[in-house]
There are 2 protein chains.
Amino acid sequence: MAGQSRPQQAKDLQDPPAPGRHSLRDTVEEALREALLTGRFVPGRAVTLRGLAQELKVSPMPVREAVRAMAAGHALEIRANGRIQVPTMTPPRLAEIVKARLLLEPELAQAAAARLGPRDAARLAAIDDRIDASLDGGDAETYMRLNHSFHFMIYRAAGSQVLLPLVESLWLQFAPFMRTVYGRVGTFALVDHHKEAIEAVRTRDAAALREAVAADIRCGMDLLDTGLPDAGPSVAE
Amino acid sequence: MAGQSRPQQAKDLQDPPAPGRHSLRDTVEEALREALLTGRFVPGRAVTLRGLAQELKVSPMPVREAVRAMAAGHALEIRANGRIQVPTMTPPRLAEIVKARLLLEPELAQAAAARLGPRDAARLAAIDDRIDASLDGGDAETYMRLNHSFHFMIYRAAGSQVLLPLVESLWLQFAPFMRTVYGRVGTFALVDHHKEAIEAVRTRDAAALREAVAADIRCGMDLLDTGLPDAGPSVAE
DNA sequence: GACTGCATTTTGTGATCACATTTTCATCGA
DNA sequence: TCGATGAAAATGTGATCACAAAATGCAGTC
């Protein structure tokens with residue numbers, strides 16, 4: 001034990017006891033997911049290994065693996081020159097995401113209906129109240145986090161091991177762009193179908209839940225369509 | 001030029017000129033994809049970083065990132081103790097994969113129909129001939145490779161940036177299990193709907209192509225269902 | 001003979017170093 | 001004033017080391 005070469009363990013991430021999981025890599029990955037889903041990472045934003053590492057107080061190593069994992073799901077993009085950035089949105093890409101969402105999420109919602117009930121409806125209503133509050137307050141970041149919670153509380157109930165990850169991948173892809181649209185057109189214009197979804201959950205009406213989710217996707221993504229008439233890379237942070 | 005500390009670049013992977021891309025990581029990832037899609041990696045098989053690295057003549061570093069990327073798409077599984085293995089199949093998981101495939105792949109095929117024609121039909125027919133040959137010869141590995149080529153030659157024509165990666169992820173998940181079933185029941189019992197698909201491509205009949213793909217999925221996966229009546233972990237290498 | 005105990009090996013994780021490439025930016029010249 | 005040029009900084013990639021935890025193998029015991 002020479003006592004000089006022990007460059008192990010950051011040890012002071014901010015939660016030394018590490019309550020939930022272990023592995024700094026998972027922590028970084030979760031941080032990235034958060035940043036993307038809440039729109040803190042805007043399309044086109046450059047992500048550097050050392051920069052992220054310093055920000056999260058870890059070595060570049062766990063960041064490399066986390067970034068690579070996100071890139072595998074197209075949540076991040078590795079350009080030809082090797083640089084990493086949040087993917088930019090294009091009209092055809094957005095159209096495809098909408099199509100994929102409409103194929104998968106209603107299916108997931110329908111499957112979840114049987115495993116949900118009045119208790120869950122109450123929880124969803126509570127989230128929806130906070131969503132309305134964040135919309136009134138113009139807090140887009142909180143809105144996006146809560147909207148994600150709302151949808152995935154439903155989807156998770158389906159107990160899916162395959163469909164759910166696919167849908168998560170889709171959300172990671174469109175969320176950053178979603179955020180830029182809210183920043184441009186504001187959050188006041190938002191119309192969702194959460195109320196219908198809650199009612200469908202309460203009455204265990206699978207068909208109605210399916211339709212509510214589909215309608216919600218259609219409305220939200222229509223709004224997004226108005227956000228990219230031009231190929232404006234103006235919001236590249 | 002001290003000439004002593006230059007532990008850079010393996011340099012002799014097997015293709016020094018490196019034709020297509022660069023980056024050892026991508027090479028490893030491609031090797032993993034190949035191994036999974038052709039069924040050389042069977043469900044439950046343990047994958048070790050150092051082992052794979054030695055096998056591919058690279059350092060463990062690129063392997064770590066490649067494995068992590070595959071795990072992000074659930075093509076590999078990182079267990080609670082950290083060990084890496086090819087995921088095992090369960091009846092509900094297989095059912096979900098079938099559902100997801102039936103949702104996405106017919107859609108992709110339908111979209112691809114407009115961008116395919118007689119020339120492509122001829123190419124597909126050529127592949128299908130080789131598929132029949134590999135089935136007669138009992139060469140399951142070649143069959144799987146060609147079957148993948150057949151389907152993705154169609155899907156790729158859709159020019160999809162979102163749906164296609166999702167479908168690729170699904171194939172990586174069920175392919176290893178598919179292989180074990182062929183090993184058990186043989187390849188002679190295989191019935192596909194490639195002939196109908198080729199005809200639909202030739203006549204640019206989107207609806208027919210969609211239906212041919214859907215039928216092909218249903219048949220193939222029904223066969224797989226017969227492969228796991230019990231929860232037999234007997235085929236763990 | 002089967003089971004428990006410990007020593008050895010294996011394996012994933014994190015950190016650091018070395019290097020090629022690219023980007024950035026300040027300086028110089030027309 | 002603007003563009004080219006060069007040095008300096010930044011960045012991704014690959015390799016190696018160190019370490020903890022787990023798996024493995026081997027003995028010794030009941």
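Within every chain, numbering begins at 1; the chains are lettered A, B, ... in the order of the sequence lines, protein sequences first and strands thereafter.
- Shown here for M144(A) and T38(A), the closest heavy-atom pair between the two residues is SD-O, 3.7 Å.
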Atom pairs, protein N/O to nucleotides 5-8 of chain C N/O, distance under 3.5 Å:
none

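- Of all nucleotides listed (dT11(D), dA15(C), dA15(D)), dA15(D) comes nearest to the side chain of P62(B).
- Atom CD1 in I84(B) sits roughly 13 Å away from atom C1' in dT10(C) (whole-Å rounding).
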Output a table of donor-acceptor pairs, distance under 3.5 Å, between side-chain atoms of residues 157-165 of chain A and any protein atom two or more places apart or on a different chain; print 'none' if there are none.
residue	atom	partner	partner atom	Å
S160(A)	OG	V162(A)	N	3.3
S160(A)	OG	L163(A)	N	2.9
S160(A)	OG	L164(A)	N	3.3
S160(A)	OG	E96(B)	OE1	3.4
S160(A)	OG	E96(B)	OE2	2.1

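- In this model, no side-chain donor or acceptor of R64(B) finds a partner on the base of dG12(C) within 3.5 Å.
- Here the nucleotide nearest the side chain of M61(B), chosen from dG14(D), dG12(D), dT13(C), is dG14(D).
- One interatomic measurement links the two molecules: CZ of R45(B) to C1' of dT11(C), which rounds to 16 Å at whole-angstrom precision.
- Nearest approach of L166(B) to S169(A), heavy atoms of both residues: CD2-OG, 4.2 Å.
- The two atoms that bring R93(B) and T88(B) nearest to each other are NE-O, 3.7 Å, heavy atoms only.
- For the pair E65(A) CD and dG14(D) P, the interatomic distance rounds to 13 Å; values are reported in whole Å.
- Rounding to whole angstrom units, CG of residue L76(B) and C1' of dG12(C) are separated by 14 Å.
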Exercise. Can F177(B) and F174(B) be said to form a ring pair (Phe, Tyr, Trp, His ring centres under 6.0 Å), step by step?
Worked result: CA-CA 5 Å; F177(B) 172 66; F174(B) 75 78; 9.1 Å; no
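- Comparing dT11(D), dG14(D), dG14(C) against the side chain of L24(B) picks out dG14(D) as the nearest.
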Atom pairs under 3.5 Å, N or O on each side, protein against nucleotides 22-24 of chain C: can you list them with distances?
residue	atom	partner	partner atom	Å
dT23(C)	OP1	N81(A)	ND2	2.8

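- For Q110(B), the side chain to side chain contact (heavy atoms under 4.5 Å, CB included) criterion is met by E107(B), A206(B), R210(B), not counting sequence neighbours.
- Residue contacts for V47(B): at a heavy-atom cut-off of 4.0 Å it reaches the sugar-phosphate backbone alone, with no base atom in range.
- S134(A) contributes a side-chain N or O that, together with a main-chain N or O of I131(A), makes up a donor-acceptor pair within less than 3.5 Å.
- Considering all non-hydrogen atoms of both residues, V42(A) and V86(A) come closest at O-CB, 3.4 Å.
- Per the geometry, CZ belonging to R79(A) stands 19 Å off C1' belonging to dT13(D), to the nearest Å.
- The salt bridge (charged side-chain N to carboxylate O under 4.0 Å, His left out) test applied to R123(B) returns no partner, not counting sequence neighbours.
- For R50(A), the side-chain atoms get nearest to dG12(D) when compared with the rest of dG12(C), dG12(D), dA15(D).
- Going from atom CD of Q85(B) over to atom P of dA22(D) covers 16 Å, rounded to whole Å.
- Not a single donor-acceptor pair, N or O on each side, falls under 3.5 Å between the base of dG12(C) and the side chain of R25(A).
- Heavy atoms of I78(B) sit nowhere under 4.0 angstrom from any nucleic acid atom.
- One can place CG of L52(A) at 17 Å from P of dA10(D), the figure rounded to the nearest angstrom.
- Partners of H74(A) under the ring-ring contact (aromatic ring centres under 6.0 Å, His included) rule, at least two apart in sequence or in another chain, do not exist in this structure.
- The CD-P distance, from E55(A) to dT11(D), rounds to 13 Å in whole Å.
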